Amino acid sequence: MEGLLSVSVGTVFWASVSFIIVLLLLKKMAWGPIVASLKEREEGIANALNEAERARAEMVKLQAGNEDLLRQARDERDQILKDAKLVAEKIRSEASAKTQAETDRMITAARAEIENQKKAAIAELKNSVATLSIDIAEKLVREKLTDAEKQKALNQSMAADISAN
Amino acid sequence: MQNVLTSIQNTYTKFGMALMALMLSVTVAFGQHEDAHAEGGHEFKPGDMIMHHISDGHQIHIIGQIYIPLPVILIHDGHVDMFSSSNFWDGFDAHGELKFKPYTASSGTTYENHHEMIHIVDSNAHVDHAHEAVAHADTLHTDSTHVAAAHAAAPVAEAAHDEHGGHGDHAKPMDFSITKNVFGMFVVLILMIIIFKSIANSYKKREGQAPKGMQNLFEPFILFVRNEVAIPSIGKKKADKYVPFLLTVFFFIWMSNMLGLIPFLGGFNITGTMSITLVLAALVFIITTVSGNGHYWGHIFWPPGVPLPIKFILVPIEFVSVFQKPMVLMVRLTANITAGHIIILAFVSLVLLFGQNSAVAGYSVGVGSVLFMVFMFFIELLVAFLQAYVFTLLAALYFGDATQEHHHDDEHH
C-alpha cells in the first residue's frame, strides 16, 4: 500500500491463509475428482483402442480361417464332382457294354433261329417237293398207263398245280 | 508522488529489478511534468493516477465518485479494531477527489488513512501538525492557493514520517485489512471454488461422456497444465502429487490477471501485488524444499564431477539459486502485470494531459492512444495467460529438479 513493491504483512497473511484453504478445498473437491475422471477417460480410450485393435486382428484371423474353410469346401466339392463323374462314366460304360452284349446275344440268337427256321423250311420244302414229285410221278405213271391224251391233259394240270403251288 | 517514488527507489535497490527501471522512468517522467505545473492549481497528475490504480487501497474505486468501502482490521497494543474504511471518508474536494479524515475506533485509538497507509494519530504528538495542515487545507480548500499550500505541506509531512517512522508516538498498527487486492483475491478464489466444484460435479454426473459447457471450456486448460506442464517437467509417476498445486496456481494467476484487465471493476492489481506473489513464490519454495531428495541437495552442496576448488565457487552459487529461483518467480509476475497496467494507464493519461491544453489536442491524441490501448489490451490478454503459464511451468520445473532421480550418476562417479 505504501509503495508498489513493499510487502504488507496483512496482505501476506490473507493471501497465505486464503490461498492455502482454497488449494486444499480445490484439491479435495475439484482437482481430485477431475483428474481422476480424466485419467479414467484416458484409460478408457486407450482400452477401447486396444480392444478395437485386438478385434481387428481377430477379424483378420477369422477371415483367413473362413478363406481356408471355403477353399477346403471348394476342393471337396471338386473332388466329389470328379468322383461322381467317374462313377457315372463307369456306370454308363458298363451299361452300354451290357446292352451291346445283350444285343449281340439277341442278334446271334435271332440269326440262329432264322437259320433253323430256314433249314426247317427247306427240309419241309424238300419233303413236299418229294411228295409232289412222287404224286406227280404216280399220276403220270397211272395216266400213261391209260391214254396218251389223257396223259397230256394230266401233265398240263399237274404243271398248273405246280405253278399254283 | 514523492512518497511513491522513494518507496519505489527503496524497493528497486532492495530487489535489484531491471524491469522496474522502465516503470520508474515512466513515473519520473510524469513526476517532472507534475512539478512543472505544480503552481497551476489542480492539474491532472498521471503519476498519481497510475499509482492510485496499481497500488493497493482500502476502498474500491469504481468510477468518478463511486467508492465501495472495505473492512479495515487493525491490531494495535493487543486489541483489534474492525471498522469500515468509509469511516475515513470526508466527502470530496472541489475536483471530485476523495478526502480522508482521522477516525477514532472503539478501542479509543485514532487512526488516519494517509496515502492508503494507516497510521495511529497520537493526540499529543507534535509531528502530526503537518498532517493536520494537509487535512485542514483539504477541508477549507476550494480555492487553488489552499490546495497548493496543501501540496506544499505534504513533503513536510512525509519528512516528519521518515524522521519518526520507527517511534512509538507515530506507530503503524498491524494492518490486516481486507484491502482492494485482498478483496479481489477473495473474489478470484471464491470464483475458482464455484467454477471448479461445478466442473468436478459435471465430471461425476456425466461420467464417461464427452465434456459439455463449462467443463468443455476448462478441460483443455486442465489437460494442458497436467499433460504439457506437469508431466514433462516432473515425470509421469510423480506429477500427480503436484498437479493440484500447479492447477490452483495457474488458474489463480490467470483469473487474477484477467480480473485486473476489466475496467471499472475496481482496477484490481492482484498479481501485481508483491505481497500476493510473495506468497505464491514462498509456496513454490516450501514445496521444492520439502520434496527435495538427496540427489537434489547433493547437487547443491556437493556438485558431483567438479574439481574441489570449483566446488567452493559452485556451492554458494547453487545455494543462492535455491532462494533466487522463487524470488525471480515473484518479481517476474509482479513486474509483468504491473508494467502492463502502467502502459495502458499511461496511454489514458496521455489523452487527459493533452486534453488539458486543448480539447482538439486531446481528441487527436485520443485516437492514437485508443489504438495503442486496444493493441496493449490484446497484448495484456496474452500476457495474462503467458505469465500464468510461465509461473506454473517454472514451478513445475523446480519441483521436477527437486524430485529427479539419479539419472547421470554413473557418468559422474
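Note that the structure is a prediction, hence the values are computed from the model and not measured. Letters A, B, ... are given to chains in the order of the sequence lines, protein chains preceding strands, and every chain is numbered from 1.
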In terms of heavy-atom proximity below 4.5 Å to chain A, should [X] be classed as side chain, backbone, both, or neither?
| X | value |
| --- | --- |
| B:Asn227 | side chain |
| B:Val188 | neither |
| B:Lys204 | side chain |
| B:Leu247 | both |
| B:Leu283 | side chain |
| B:Leu280 | side chain |
| B:Ile222 | side chain |

More than 12 heavy atoms of other residues, nucleotides or ligands under 6.0 Å from [atom1] of [X]: is that the case?
| X | atom1 | answer |
| --- | --- | --- |
| B:Met82 | CE | no |
| B:Lys238 | NZ | yes |
| B:Phe250 | CZ | yes |

Do B:Gln215 and A:Ile34 touch side chain to side chain, with heavy atoms closer than 4.5 Å?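 A side-chain contact is absent here, since even the closest heavy-atom pair is not under 4.5 Å.
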Please report the shortest heavy-atom distance between [X] and [Y], naming the atom on each side.
| X | Y | answer |
| --- | --- | --- |
| B:Pro211 | A:Arg41 | CD-NH2, 3.8 Å |
| A:Leu23 | B:Pro244 | CD1-O, 3.9 Å |
| B:Val182 | A:Trp14 | CG1-CB, 3.6 Å |
| B:Ser275 | A:Val7 | OG-CA, 3.5 Å |

Pick whichever of A:Ile21, A:Leu26, A:Ile20 has the most heavy-atom pairs under 4.5 Å with chain B.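 Most heavy-atom pairs within the cutoff with chain B belong to A:Leu26.
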When A:Val35, A:Leu38, A:Val9, A:Leu25 are compared by non-hydrogen pairs under 4.5 Å with chain B, the top option: A:Leu38
Looking at B:Asn181, B:Ile75, B:Leu223, B:Ile270, which makes the most heavy-atom pairs under 4.5 Å with chain A?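 Greatest number of close heavy-atom pairs with chain A: B:Leu223.
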Selection from B:Val243, B:Ile178, B:Ile73, B:Ile199 maximising heavy-atom pairs under 4.5 Å formed with chain A: B:Ile178
Measuring from [X]:[atom1] to [Y]:[atom2], what's the distance to the nearest 0.5 Å?
| X | Y | atom1 | atom2 | answer |
| --- | --- | --- | --- | --- |
| B:Ile276 | A:Ser8 | CD1 | OG | 9.0 Å |
| B:Asp175 | A:Thr11 | CG | OG1 | 7.5 Å |
| A:Lys39 | B:Asp240 | NZ | CG | 3.5 Å |
| A:Ser37 | B:Glu219 | OG | CD | 8.5 Å |

Residue pair A:Ser18, B:Met185: steps toward the side-chain contact (heavy atoms from CB on, under 4.5 Å) verdict: CA-CA 9 Å; A:Ser18 59; B:Met185 182 182 67; 3.2 Å; yes
Given ring-ring contact (aromatic ring centres under 6.0 Å, His included), test B:Phe196 with A:Trp31 step by step and report yes or no. CA-CA 8 Å; B:Phe196 293 113; A:Trp31 304 133; 4.6 Å; yes
Residues which pass side-chain hydrogen bond (donor to acceptor under 3.5 Å, both in side chains) with B:Thr277, listed by chain and number, not counting sequence neighbours: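 Only B:Thr334 meet the side-chain hydrogen bond (donor to acceptor under 3.5 Å, both in side chains) criterion with B:Thr277.
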State which residue, out of B:Phe252, B:Phe186, B:Phe251, fulfils the ring pair (Phe, Tyr, Trp, His ring centres under 6.0 Å) condition with A:Phe19.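 It is B:Phe252, the one option of B:Phe252, B:Phe186, B:Phe251 that forms the ring pair (Phe, Tyr, Trp, His ring centres under 6.0 Å) with A:Phe19.
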